[in-house]
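Below is one structure, written out as structure tokens; the observations come after it.
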Amino acid sequence: MRVVLLGGAGYIGSVASHHLVSHGHHVTVVDGLIYNRGDANKVMTTGEGGMIVGRADLVQAARLLGRHGIDSSVWQRHGKRRTADYEVTVPGLKYRMPDITAAVGIQQFQKLPDFTARRAQIAASYDRSLAGLSGLRLPFVLDSVQHGWFLYPVLIEPGGGRSRDTVADLLLDVYGIGTSVHFKPVHRLAAYRYVDCHLPVTEQIAARQLSLPCYPAMTSTDVQRVIDAIHALWS
């Protein structure tokens, strides 16, 4: 298994950004490549672009396609080879990640065990403190799974004057706590509304899902503030 940091889009494979964990080699590569996006809000960031993990031959093909199909990198041509000593072997595109953002990604990858450990601690605090609240469904993890906790999603059952939207609004307006929704159903987005599609389970879940704050920089005080605010809304 090899890892390469690349920028841009256009690579075909699985996207694993949301379940990237410190033991990422446990992820099964079903189609040869896994692409971990490095957006600023992901488990680890490269600013833009991301990281490809997979079979060495496919990783090398991705490198080639990402640098205009040129058979050698700039570093290679400024090393042992002459700068003009290169060949374009296949049609490619400019999908290279800048060296600066790649350097950020390397440092972030080294910190990934600490990032995921802290996320797991936050999730465990929510699990302990929010269990048993009527109408609040918490996420669960199978025993054999190590969760990356990119998100801590809950489902809010309508009732008692509460809905997902009212809870989100009160958390923000009264307690200054931001939340998010992951995600809007694709068939409800403007570009796809032309599709005659009714997905009742998807629509029900989408209307009830709310993601609570969960990121490594959260202090224990921050986490407790979220917990206290939710208990206040349920009291």
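One-based numbering along the sequence shown.
- A salt bridge is absent between Arg162 and Glu157; no separation between the charged side-chain nitrogens and carboxylate oxygens falls under 4.0 Å.
- Residue Ile70 holds its CD1 atom at 12.0 Å from CG of Leu65, rounded to the nearest 0.5 Å.
- Around atom CG of Leu189, more than 12 heavy atoms belonging to other residues, nucleotides or ligands sit under 6.0 Å away.
- With rounding to the nearest 0.5 Å, the separation of CZ in Phe183 from OG in Ser211 is 7.5 Å.
- Shown here for Tyr126 and Val223, the closest heavy-atom pair between the two residues is CE2-CG1, 3.9 Å.
- Side-chain atoms of Ser163 do not come within 3.5 Å of backbone N or O of Gly159 as any donor-acceptor pair.
- Minimum interatomic distance between Leu210 and Ala168 (heavy atoms only, all atoms of both residues): CD1-CB, 3.9 Å.
- With a 4.5 Å cut-off on side-chain heavy atoms, Thr202 and Arg188 do not count as touching.
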Dump the intermediate steps for side-chain contact (heavy atoms from CB on, under 4.5 Å) on His198 and His187, then the final yes or no. CA-CA 8 Å; His198 180 53; His187 67 290; over 6 Å; no
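- At a threshold of 4.5 Å between side-chain heavy atoms, the hydrophobic network of Ile, Leu, Val, Met, Phe, Trp and Tyr places Leu151 and Ile205 in two separate groups.
- Defined by atom type and a distance below 3.5 Å, a donor-acceptor pair is present between the side-chain atoms of Asp222 and Thr219.
- By the 4.5 Å heavy-atom criterion applied to side chains, Tyr175 and Val226 are not counted as neighbours.
- No chain of hydrophobic side-chain contacts below 4.5 Å, direct or via other Ile, Leu, Val, Met, Phe, Trp or Tyr residues, connects Leu155 to Phe150.
- Nearest heavy atoms, His231 versus Ser129: NE2-O, 2.6 Å.
- A continuous path of Ile, Leu, Val, Met, Phe, Trp and Tyr side chains, each step under 4.5 Å between heavy atoms, connects Leu171 with Met218, placing both in one hydrophobic cluster.
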Walk me through it: do Arg118 and Ile122 pass the test side-chain contact (heavy atoms from CB on, under 4.5 Å)? CA-CA 6 Å; Arg118 179 56 185 151; Ile122 295 168; 3.8 Å; yes
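- The CZ atom of Arg119 sits 11.0 Å away from atom NE2 of His147, with the distance rounded to the nearest 0.5 Å.
- Between Pro139 and Trp149, the closest heavy-atom pair is CG-CZ3, 3.8 Å.
- Rounding to the nearest 0.5 angstrom, the gap separating the CZ atom in Arg63 from the CG atom in Asp71 is 13.5 Å.
- Listed for the Arg208 side chain is no donor-acceptor partner under 3.5 Å among the backbone atoms of Arg137.
- Contact between Cys214 and Tyr152 at its shortest, heavy atoms only, is CB-CB, 4.1 Å.
- Among all heavy-atom pairs drawn from Pro153 and Gln209, the shortest one is CB-NE2, 3.2 Å.
- Atoms CD1 and CG, on Ile177 and Leu212 in that order, are 9.0 Å from each other to the nearest 0.5 Å.
- Here Val195 sits in one hydrophobic cluster together with Tyr194; the rule is ILVMFWY side chains under 4.5 Å apart, joined directly or through other members.
- Transitive grouping of hydrophobic side chains (ILVMFWY, heavy atoms separated by less than 4.5 Å) brings Phe140 and Ile230 into a common cluster.
- The closest side-chain heavy-atom distance from Leu138 to Leu136 is below 4.5 Å.
- There is no path of hydrophobic side-chain contacts, each under 4.5 Å, that joins Leu172 to Val174.
- Residues Ile227 and Leu130 are in side-chain contact: their nearest non-hydrogen atoms beyond the backbone lie under 4.5 Å apart.
- Within the 4.5 Å cutoff, side-chain heavy atoms of Leu64 are placed close to those of Val90.
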